[in-house]
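Below: the structure, in structure tokens.
Order of the sequence lines sets the chain letters (A, B, ...), proteins ahead of strands, with each chain counted from 1. Everything quoted here is computed from the prediction, not taken from an experiment.
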2 protein chains.
Amino acid sequence: MEERGGYGQFCPVAMAAEILCTRWTTLIVRELLCGTTRFNDLRRGVPRMSPSLLSKRLKELEKAGVIATVRSAGGSVEYRLTPAGEELGPIVMAMGFWGQRWVESTLSLKNLDPSLLMWDMRRKLNPEPLPPGRCTIQFQYPELPPARQNWWLVIEDGNVDLCGFDPGYELNLLVRCSLKTMTAIWMGLTVVRTEIEAGRLELDGDPSIANSMQRWLGLSPFAAESRRVPDPTGRFSELA
Amino acid sequence: MEERGGYGQFCPVAMAAEILCTRWTTLIVRELLCGTTRFNDLRRGVPRMSPSLLSKRLKELEKAGVIATVRSAGGSVEYRLTPAGEELGPIVMAMGFWGQRWVESTLSLKNLDPSLLMWDMRRKLNPEPLPPGRCTIQFQYPELPPARQNWWLVIEDGNVDLCGFDPGYELNLLVRCSLKTMTAIWMGLTVVRTEIEAGRLELDGDPSIANSMQRWLGLSPFAAESRRVPDPTGRFSELA
DNA sequence: CTGCATCCTCTTCGATACTG
DNA sequence: CAGTATCGAAGAGGATGCAG
């Protein structure tokens with residue numbers, strides 16, 4: 001009768017919170033909502049989580065009816081949201097919009113991570129403004145240690161690949177800026193043109209690709225939400 | 001640079017989850033959204049939470065900008081939601097509706113608690129169908145230990161008071177049923193008439209008050225949401 | 001390589017008791 | 001009334017190992 005981890009309340013908010021409001025769980029659901037299904041792909045979305053804890057959480061989510069494991073051909077397991085899990089989408093989105101509105105951008109920008117940023121950008125990149133054929137774009141963050149400085153996005157046939165090493169293709173554009181600048185653009189706190197004019201962003205390569213960067217660069221799903229808290233530095237305030 | 005409790009992600013979902021998805025926090029916000037402002041009233045809404053942890057969470061919520069403490073006359077402290085905190089309302093409600101839809105009712109009904117139920121009922125009771133003047137209604141849960149068996153709601157001038165002891169007023173209605181039955185009615189899993197006809201609910205007293213019970217008894221805010229998971233017992237399935 | 005299980009350390013939580 | 005203090009228990013993180 002002594003439920004250890006639970007709240008001991010029949011209220012549906014409490015029942016939902018027992019499932020959702022444990023550490024990392026919301027972020028796992030976010031990844032699943034983005035379409036990730038494999039264990040090691042999920043790990044890319046929550047890199048600071050230990051694999052054993054991820055495994056435990058996935059079991060908990062399965063028991064709660066939020067996900068179902070599907071054994072696909074080849075013996076590998078896929079984790080997929082059930083209808084109940086899909087209906088968590090609006091809740092996770094609402095949390096994101098709330099975070100975008102009310103959490104100080106300086107706080108968000110203390111949590112920079114190039115692999116998370118590039119992984120997100122890969123997902124949302126819009127190939128439409130790019131020329132047909134293969135297109136290779138390098139991102140360079142000079143202040144980072146060498147192993148994390150350089151990233152490549154390769155767009156081909158509407159498909160976007162992310163590399164942490166030089167894929168060897170001819171480069172169409174080199175983007176050079178600080179990780180903070182690129183993250184701020186991604187989050188909608190500033191725009192490409194502003195950062196170029198301020199000298200914080202450099203583009204080298206095909207001018208038409210450079211000029212359309214703001215369009216092919218997808219933004220965070222929450223970028224459009226207007227901030228309600230000021231940025232103390234004033235650098236990322238009130239941009240449309 | 002090593003954030004211990006955080007996720008290390010700039011994503012607004014992660015920033016919001018750092019604030020909201022710690023143990024008990026969502027339930028504290030739920031209480032505040034219901035209008036509770038005092039420390040010991042908050043404790044009634046989260047009785048299994050230790051006061052030291054509640055104190056810690058309130059400080060965290062204040063630092064996050066979700067609540068503000070107001071020192072009222074008499075030196076006592078009130079906790080009030082900020083605009084940011086008020087905007088958590090839709091998220092908490094969405095979690096409740098999700099819980100009502102997707103969490104098995106048998107699971108919810110394992111977490112029975114008469115003080116929580118009566119506290120919730122007090123909040124939502126609708127005095128309008130009741131006769132003018134004072135009205136005293138006793139709830140009796142015979143299977144509980146004596147100290148928690150009897151509860152009184154006293155309605156006067158549109159005001160609802162809850163007592164755990166006999167207030168001494170003339171009784172207008174005695175409601176006798178199991179705590180599970182009353183909780184199921186409150187959650188919208190069944191209705192007064194069904195439980196009376198099944199012999200699981202007895203009403204003694206003023207017939208007009210008895211007959212209007214389904215109307216004056218407010219229901220859980222989530223009662224209208226339709227279940228999507230079956231109740232294995234079949235007792236609480238598919239009721240409008 | 002994927003998907004964990006184990007072991008160990010450190011942090012957090014819960015129950016109770018106790019103050020201004 | 002509104003919290004703090006204390007201490008044992010549970011949970012989280014990191015490193016490592018291992019089977020398919």
Side-chain angles (χ1 to χ4, degrees), chain A residues 1-9 14 17-28 31-32 36-64 67-80 111 113 163-165, chain B residues 1-9 14 17-28 31-32 36-63 67-80 111 113:
Chain A
M1 204 64 177
E2 290 298 318
E3 300 266 342
R4 296 154 197 279
Y7 295 120
Q9 300 196 3
E18 283 189 21
I19 295 169
L20 290 177
C21 293
T22 52
R23 188 154 165 76
W24 294 109
T25 304
T26 307
L27 300 190
I28 297 169
E31 291 303 304
L32 291 162
T36 305
T37 62
R38 308 278 293 275
F39 190 84
N40 280 287
D41 288 340
L42 288 169
R43 289 193 64 184
R44 298 188 71 160
V46 283
R48 313 247 296 229
M49 186 182 193
S50 76
S52 56
L53 187 52
L54 174 56
S55 174
K56 185 182 168 196
R57 287 282 184 269
L58 289 169
K59 283 183 175 46
E60 290 168 359
L61 286 172
E62 188 179 11
K63 203 167 84 180
I67 64 176
T69 67
V70 183
R71 203 160 293 271
S72 67
S76 75
V77 176
E78 294 202 344
Y79 301 93
R80 295 197 174 274
N111 293 324
D113 184 320
C163 300
F165 53 89
Chain B
M1 204 63 177
E2 289 297 318
E3 301 264 343
R4 295 155 196 279
Y7 295 119
Q9 300 196 4
E18 284 188 20
I19 295 170
L20 290 177
C21 294
T22 51
R23 189 153 165 75
W24 293 109
T25 304
T26 306
L27 300 189
I28 297 169
E31 291 302 305
L32 291 162
T36 305
T37 62
R38 309 277 294 273
F39 190 84
N40 281 291
D41 288 339
L42 289 168
R43 287 193 65 183
R44 297 188 71 160
V46 284
R48 315 246 298 227
M49 186 182 192
S50 76
S52 56
L53 187 52
L54 174 56
S55 175
K56 185 182 167 195
R57 287 283 183 269
L58 289 169
K59 283 182 175 47
E60 290 167 1
L61 286 172
E62 187 180 10
K63 203 167 84 178
I67 64 176
T69 67
V70 182
R71 201 161 294 272
S72 65
S76 73
V77 176
E78 294 203 346
Y79 301 93
R80 295 199 173 273
N111 293 323
D113 184 321

Open item on the list: Please identify which of these residues, A:T36, A:L58, A:T22, A:I67, meets the side chain to side chain contact (heavy atoms under 4.5 Å, CB included) condition with A:I28.
Closed with: A:L58
Task: Protein-nucleotide distance (A:I67, atom CD1; C:dG3, atom C1'), rounded to Å - done: 13 Å
Task: Under 4.0 angstrom between A:R38 side-chain N/O and C:dC1 OP1 or OP2 - done: no
Open item on the list: Counting only side-chain nitrogens and oxygens, does B:S55 get under 4.0 Å of the OP1 or OP2 atom of D:dT4?
Closed with: yes
Task: Separation of D:dA15 C1' from A:L54 CG (nearest whole Å) - done: 17 Å
Task: Electrostatic pair B:E60:B:K63 at N-O distance under 4.0 angstrom - done: no
TODO: Whole angstrom is fine here: how far is it from CD in B:E60 over to P in C:dT11?
DONE: 16 Å
Open item on the list: Does a side-chain N or O of B:W24 approach OP1 or OP2 of C:dC13 to a distance below 4.0 Å, or not?
Closed with: no
Task: Close side-chain approach of A:S55 to A:F39, heavy-atom, < 4.5 Å - done: yes
Open item on the list: OP1 or OP2 of D:dG13 versus the side-chain N and O atoms of B:Y7: is any pair under 4.0 Å?
Closed with: no
Open item on the list: Nearest heavy atom decides the nucleotide; on that basis, is B:M49 or A:E78 closer to the 5' end of DNA chain C?
Closed with: A:E78
Open item on the list: Heavy atoms only, 4.0 Å cut-off, all strands: where does B:S76 land among base, sugar-phosphate and nothing?
Closed with: sugar-phosphate
- [ ] Using a 4.0 Å heavy-atom cut-off across all strands, classify B:S52 as base, sugar-phosphate, or nothing.
- [x] base
Task: Interatomic distance, B:R43 CZ vs C:dT16 P [rounded to whole Å] - done: 12 Å
Open item on the list: Need one value for A:R57: base, sugar-phosphate or nothing, where a base atom within 4.0 Å counts as base even if backbone is also close, heavy atoms only.
Closed with: sugar-phosphate
- [ ] Determine, step by step, whether A:R23 and A:R57 satisfy the side-chain contact (heavy atoms from CB on, under 4.5 Å) criterion, reporting the C-alpha distance in whole Å, the side-chain angles of both residues, the deciding distance to 0.1 Å, and the verdict.
- [x] CA-CA 9 Å; A:R23 188 154 165 76; A:R57 287 282 184 269; 4.2 Å; yes
- [ ] Would you indicate what B:R71 reaches in the nucleic acid, counting non-hydrogen atoms under 4.0 angstrom: base, sugar-phosphate, or nothing?
- [x] nothing
Open item on the list: Could you tell me how far apart B:R23 (CZ) and D:dG11 (C1') are, to the nearest whole angstrom?
Closed with: 11 Å
TODO: Rounded off to whole Å, could you give me the CG-to-C1' distance for the B:L42 and D:dA2 pair?
DONE: 11 Å
TODO: Ignoring backbone atoms, establish whether A:N40 has a side-chain N or O less than 4.0 Å from OP1 or OP2 of C:dC1.
DONE: no
- [ ] Would you confirm whether B:R38, through its side chain, and B:Y79, through its main-chain N or O, come within 3.5 Å as a donor-acceptor pair?
- [x] no
- [ ] Would you kindly give the CG-to-C1' distance between B:L53 and D:dT6, to the nearest whole Å?
- [x] 15 Å
TODO: Ignoring backbone atoms, test whether A:R48 places a side-chain nitrogen or oxygen under 4.0 Å from the OP1 or OP2 oxygen of D:dG14.
DONE: no
Task: Phosphate OP1/OP2 of C:dC13 contacted by B:K56 side-chain N/O (<4.0 Å) - done: yes
